[in-house]
Trainee: 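Mind having a look at this structure? Questions to follow.
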Amino acid sequence: QVQLVESGGGLVQAGGSLRLSCAASGRTLSNYVMGWFRQAPGKEREFVAGISWSGGSTKYTDSVKGRFTISRDNAKNTVYLQMNSLKPEDTAAYYCNTIKSIAGSSPGRAWGQGTQVTVSS
């Protein structure tokens with residue numbers, strides 16, 4: 001079982017940037033397709049971005065295209081989410097997880113604690 005720890009969240013003004021990290025232990029991330037998800041208060045968890053095991057393919061939900069970039073460093077066993085031009089509607093707890101495809105299908109059963117991103121207007 002991969003254990004995942006998200007970090008890098010915080011409070012930022014609209015238009016600002018944050019870089020989230022997802023560190024893994026237990027198994028090497030290079031064996032997995034990885035994704036970022038988010039959950040805003042009162043809403044269901046939604047897929048944000050996915051990346052293939054090699055990093056060569058990525059996919060994003062429409063609302064973050066052109067603003068967010070998912071990447072990975074398999075040597076460091078870490079996945080990143082660079083978030084630019086942040087909007088108040090990006091406010092949510094952000095989670096990473098293993099996924100079956102870069103479209104975000106079948107996330108792993110175990111979720112980390114997440115990292116909170118709050119964007120003020």
Side-chain angles (χ1 to χ4, degrees):
Q1 177 105 8
V2 177
Q3 294 177 318
L4 302 164
V5 178
E6 302 92 346
S7 62
L11 174 63
V12 64
Q13 288 188 329
S17 298
L18 285 172
R19 188 195 196 200
L20 307 184
S21 297
C22 169
S25 61
R27 292 191 180 182
T28 177
L29 276 187
S30 63
N31 295 332
Y32 298 93
V33 180
M34 295 296 298
W36 282 96
F37 297 78
R38 66 186 180 186
Q39 187 169 21
K43 295 187 177 181
E44 291 187 356
R45 188 172 289 160
E46 66 169 344
F47 170 76
V48 175
I51 188 167
S52 62
W53 65 269
S54 68
S57 297
T58 58
K59 189 173 181 67
Y60 301 90
T61 192
D62 286 346
S63 61
V64 308
K65 283 180 182 176
R67 299 188 299 121
F68 290 12
T69 302
I70 187 171
S71 62
R72 66 192 301 161
D73 185 336
N74 288 335
K76 294 183 178 180
N77 228 25
T78 303
V79 179
Y80 304 98
L81 186 68
Q82 177 67 43
M83 306 187 297
N84 298 328
S85 302
L86 282 161
K87 303 176 180 180
E89 51 263 43
D90 295 318
T91 295
Y94 283 72
Y95 303 86
C96 64
N97 209 335
T98 61
I99 48 179
K100 194 170 183 178
S101 76
I102 61 171
S105 61
S106 304
R109 283 179 289 181
W111 294 88
Q113 85 288 351
T115 186
Q116 179 67 37
V117 172
T118 303
V119 184
S120 63
S121 57

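Here, residue 1 is the first one in the sequence, and each next residue gets the next number.
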Trainee: Let me confirm one number: the CG-CZ distance from Leu81 to Arg19, rounded to the nearest 0.5 Å.
Mentor: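 Leu81 atom CG to Arg19 atom CZ measures 10.0 Å (nearest 0.5 Å).
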Trainee: Cluster question for you: counting only ILVMFWY and a side-chain heavy-atom cut-off of under 4.5 Å, with indirect links fine, are Leu86 and Ile70 together?
Mentor: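 Cluster IDs for Leu86 and Ile70 match.
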Trainee: Please check: side-chain N/O of Gln113 versus main-chain N/O of Glu6, any donor-acceptor pairing under 3.5 Å?
Mentor: yes
Trainee: Tell me if a side-chain donor or acceptor on Asn74 pairs with a main-chain N or O of Trp53 at a distance below 3.5 Å.
Mentor: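 Checked: pair present.
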Trainee: Here's one to test your reading of the geometry: is the NZ or CZ of Arg45 within 45 degrees of the ring axis of Trp111 and under 6.0 Å from its centre?
Mentor: yes
Trainee: Is a side-chain donor or acceptor of Thr118 paired with a backbone partner of Thr91 at a separation under 3.5 angstrom?
Mentor: no
Trainee: Out of curiosity, Phe68 CZ to Tyr60 OH, how far, rounded to the nearest 0.5 Å?
Mentor: 10.5 Å
Trainee: Could you measure the distance from the CD1 atom of Ile102 to the OG atom of Ser57? Nearest 0.5 Å is fine.
Mentor: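 It comes to 5.0 Å.
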Trainee: Do any N or O atoms from the side chain of Asn84 and from the backbone of Ser17 form a donor-acceptor pair under 3.5 angstrom?
Mentor: no
Trainee: Answer yes if Val117 and Trp36 sit in the same cluster of Ile, Leu, Val, Met, Phe, Trp and Tyr residues linked by side chain heavy atoms under 4.5 Å apart, and no otherwise.
Mentor: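 Yes, Val117 and Trp36 fall within the same hydrophobic cluster.
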Trainee: Determine, using the 4.5 Å side-chain heavy-atom cutoff (strictly less than), whether Leu20 and Val33 are members of one ILVMFWY cluster.
Mentor: no
Trainee: Got a second to check how far Asn77's CG is from Ser25's OG, nearest 0.5 Å?
Mentor: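 Going from CG on Asn77 over to OG on Ser25, the span is 8.5 Å.
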Trainee: Taking all atoms of both residues into account, what is the closest heavy-atom pair of Leu4 and Ala24, and its distance?
Mentor: CD2-CB, 3.8 Å
Trainee: Could you verify whether a donor N or O on one side chain and an acceptor N or O on the other, from Thr78 and Asp73, lie under 3.5 Å apart?
Mentor: no
Trainee: Is it the case that one hydrophobic cluster holds both Ile51 and Ile99, taking links as side-chain heavy atoms less than 4.5 Å apart, direct or via other members?
Mentor: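 Looking at the clustering, Ile99 is in a separate group from Ile51.
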Trainee: With a 4.5 Å heavy-atom cut-off, do Met83 and Asp90 have their side chains touching?
Mentor: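 A side-chain contact under 4.5 Å is absent here.
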Trainee: Quick one: does Arg38's side chain have a donor or acceptor within less than 3.5 Å of a partner on Gln116's backbone?
Mentor: no
Trainee: Between Cys96 and Phe37, is any pair of side-chain heavy atoms under 4.5 Å apart?
Mentor: no
Trainee: If you group Ile, Leu, Val, Met, Phe, Trp and Tyr by side-chain heavy-atom gaps below 4.5 Å, do Val119 and Tyr94 land in one group?
Mentor: yes
Trainee: Going through the checks in order, is the salt bridge (Lys or Arg N to Asp or Glu O under 4.0 Å) test met by Asp62 and Lys65?
Mentor: CA-CA 5 Å; Asp62 286 346; Lys65 283 180 182 176; 2.9 Å; yes
Trainee: Within this structure, what is the CG-CD distance for the pair Leu18 and Gln82, rounded to the nearest 0.5 Å?
Mentor: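 Here the rounded value is 8.5 Å.
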Trainee: What's the spacing between Glu89 CD and Ser63 OG if we round to 0.5 Å?
Mentor: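 Going from the CD atom of Glu89 to the OG atom of Ser63 covers 8.5 Å.
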Trainee: Give me the atom names and distance for the closest heavy-atom approach of Ala14 to Pro88.
Mentor: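 So the minimum-distance heavy-atom pair works out to CB-CD, 4.2 Å.
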Trainee: With a cut-off of under 6.0 Å to the ring centre and 45° to the axis, is Arg27 in cation-pi contact with Tyr32?
Mentor: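 Verdict for Tyr32: no cation-pi partner in Arg27.
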